[in-house]
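This report refers to the structure that appears directly beneath it.
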Number of protein chains: 2
Amino acid sequence: MAKRLLPKPTDSELEILQILWENGSCTVKKVNEILNEKKETGYTTTLKMLQIMYEKNLVERNEDERSHIYSASVSQSDMQKILLDKLLETAFSGSAASLVMQALGNSIPSKDELKKIKELLNKIEREQK
Amino acid sequence: MAKRLLPKPTDSELEILQILWENGSCTVKKVNEILNEKKETGYTTTLKMLQIMYEKNLVERNEDERSHIYSASVSQSDMQKILLDKLLETAFSGSAASLVMQALGNSIPSKDELKKIKELLNKIEREQK
DNA sequence: TCTATTATACGAAAGGTTTCGTAGAAGAAG
DNA sequence: CTTCTTCTACGAAACCTTTCGTATAATAGA
């Protein structure tokens, strides 16, 4: 349960983590297939990436079968938090509010999303009192 | 006005951009001094970084004087937008709402900030109709 | 003018990332 | 058992980032 020492993933690593989050545990073959929907990538390239990510503790693997099965060792939301905190610090001088404003400004949130956000804001306000 | 082809800055480059955004145009010497408040960095290291960033179009420079004067070639908010969009895509599967929720959840926005955010939400809602 | 100081330019080392070729183990098919 | 296929492991090339040493040009002061 203890948070291991996790290096910040590179862009390519994040791409693979994304696949694992969306698809759950995967063999190298499957990761490679999904990866190839977006960009051509050799099988051994994907394999090597996963091996490196394994050494960095970014993924775990089950070696029971001949085809190892990889899974992300961090949840998507934990990683989101890590990356968001970093971006906050490096690009937004720590101002979460201005990050939120930017994000809201750039995208066009749906009615539903707006509602959820408002609810969260209300909850935060209530708890502040 | 046309958006130039800008590579995503590395962490070190972003650190320097941050200095330029906060302090306006600077000589290498000044950037290096400010940098050294946070971490020891050789003068020529800073110089080289700025030269590379110049080649990448991340900064502009005025060569009129012997000491060149560097400035960021992108505004902080433009860069924030670029980085936020990238994070959104790579780590949040494009869901701005969930990014906003995470950001709000992690930080504890001040009353003032909450107010501003709510105003923005209301404005978005109004415009949606 | 000669010397010390302050700049820029450049090259290259050290380390990390990404890619892929090749070797060889494990398993399936004949 | 032999051969074909499917894996993993490993090494190394190509490329990028970061750091700094050295060379050299411009300027200021004695």
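Computed from heavy atoms alone, side chains included, the values below leave out hydrogens, waters and symmetry copies. The sequence lines fix the lettering, A, B, ..., with proteins before strands; numbering per chain opens at 1.
Of the candidate nucleotides D:dC7, D:dT17, C:dA7, D:dC7 has the atom nearest to the side chain of A:Lys29. The listed nucleotides are D:dT8, C:dT17, C:dT18; the one nearest the side chain of A:Tyr43 is D:dT8. Between C:dA7, C:dA9, D:dA9, one nucleotide has an atom nearer to the side chain of B:Arg61 than all others, and that is C:dA9.
For A:Glu125 and B:Lys111, the salt-bridge test fails: no basic side-chain N is under 4.0 Å from an acidic carboxylate O. The pair B:Glu15-B:Lys38 does not count as a salt bridge, with every side-chain nitrogen at least 4.0 angstrom from each carboxylate oxygen. For A:Lys8 and B:Asp11, the salt-bridge test passes: some basic side-chain N is under 4.0 Å from an acidic carboxylate O. Between A:Arg61 and A:Glu63 a salt bridge is recorded (basic side-chain N to carboxylate O distance below 4.0 Å).
Contacts of B:Thr45 with the nucleic acid, taken as non-hydrogen atoms under 4.0 Å apart, include base atoms.
For the pair A:Asp64 CG and C:dG27 P, the computed distance is 13 Å after rounding to whole Å. For the pair B:Glu65 CD and C:dT8 P, the interatomic distance rounds to 12 Å; values are reported in whole Å. Distance, B:Ile69 CD1 to C:dT8 P: 10 Å, rounded to whole Å. Rounded to an integer number of Å, the gap from B:Met53 CE to D:dC16 P is 17 Å. Following rounding to the nearest Å, B:Leu47 (CG) and D:dC20 (P) show an atom-to-atom distance of 13 Å. Taking atom CG of residue B:Leu58 and atom P of nucleotide D:dC16, one finds them 15 Å apart after rounding to whole Å. As rounded to whole Å, 12 Å separates atom P of C:dT17 from atom CG of B:Asp11. Here C:dT18 presents its C1' atom at 13 Å from CG of A:Leu50, a figure rounded to the nearest Å.
Looking at which nucleotide of DNA chain D each of A:Lys48 and A:Arg66 is closest to, the 5′-most match is held by A:Arg66. The residue among B:Ile52 and B:Thr44 whose nearest nucleotide of DNA chain D lies closer to the 5′ end is B:Ile52.
At a threshold of 4.5 Å between side-chain heavy atoms, the hydrophobic network of Ile, Leu, Val, Met, Phe, Trp and Tyr places B:Leu14 and B:Leu87 in one connected group.
For the pair A:Gln51 and D:dA9, the criterion of a side-chain N or O lying under 4.0 Å from OP1 or OP2 is met. Between A:Ser67 and D:dT8, a side-chain N or O to OP1/OP2 separation shorter than 4.0 Å is absent. Between B:Thr10 and the phosphate of D:dT17, there is no side-chain N or O to OP1/OP2 separation shorter than 4.0 Å.
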